[in-house]
Peer 1: 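There's a structure below that I have some questions on.
The chain is numbered in sequence order, starting from 1. All values reported here derive from a predicted model rather than from experimental measurement.
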Amino acid sequence: MRTTLATALTSGLVLLALPAAPAAAAPAGNAPSCVTVWERTGWLTKTGYARNDCHETMNLKIIWAHGSDGSCQTARPGATVSSKIPRGPRTFDGAGRC
């Protein structure tokens with residue numbers, strides 16, 4: 001066993017058991033499918049983003065569960081809007097038109 005483990009370690013064949021990544025939930029809101037949404041979580045805050053990959057200017061807001069949504073912002077094609085909140089029980093639910 002020692003020889004096998006040492007060989008595996010030196011040859012880089014040891015695989016680490018890592019937890020599976022959670023499945024991404026379908027974003028809520030009424031933004032069209034050409035709007036790309038994502039979230040970044042920091043130590044104290046979390047920020048929701050929506051990038052307008054459509055061919056038209058639209059008004060978008062970030063949708064948060066368990067509280068108020070982000071402000072309504074105008075996004076030209078290629079522009080990104082965002083909303084930052086304190087970390088806590090609220091969850092990112094995507095983006096919507098406003």
Peer 1: Might you point out which heavy atoms bring His55 and Pro77 nearest each other, and give the distance in Å?
Peer 2: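 For His55 versus Pro77, the nearest heavy atoms are C-CG, 3.8 Å.
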Peer 1: Would you please test Thr41 and Phe92 for side chain to side chain contact (heavy atoms under 4.5 Å, CB included) and show each step?
Peer 2: CA-CA 10 Å; Thr41 302; Phe92 176 67; over 6 Å; no
Peer 1: Which heavy atom of Ala50 sits nearest a heavy atom of Val35, and at what distance?
Peer 2: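 Minimum heavy-atom separation between Ala50 and Val35: CB-CG1, 4.0 Å.
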Peer 1: Per the side chain to side chain donor-acceptor pair (under 3.5 Å) rule, what does the pair list look like for residues 74-83, sequence neighbours excluded?
Peer 2: Asn59-Thr74, Trp64-Ser83
Peer 1: For the residue pair Asp69 and Ile63, what are the closest heavy atoms and their distance?
Peer 2: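 Looking at all heavy atoms of both residues, the shortest contact is OD1-CA, 3.5 Å.
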Peer 1: For Ala75 and Asn52, work out which heavy atoms get closest and say how close.
Peer 2: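 For Ala75 versus Asn52, the nearest heavy atoms are O-ND2, 2.9 Å.
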Peer 1: What heavy-atom pair brings Pro32 and Cys54 nearest, and what distance separates the two atoms?
Peer 2: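 Smallest heavy-atom distance, with atoms named: CG-SG, 4.0 Å.
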Peer 1: Treat each ILVMFWY residue as a node, draw an edge where side-chain heavy atoms are under 4.5 Å apart, and state whether Ile85 and Val81 are in one component.
Peer 2: yes
Peer 1: At what distance, to the nearest 0.5 angstrom, does CD1 of Ile62 lie from SG of Cys72?
Peer 2: 11.0 Å
Peer 1: With salt bridge (Lys or Arg N to Asp or Glu O under 4.0 Å) as the rule and sequence neighbours excluded, what pairs involving residues 30-51 come up?
Peer 2: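 Non-adjacent pairs meeting salt bridge (Lys or Arg N to Asp or Glu O under 4.0 Å): Arg51-Asp53.
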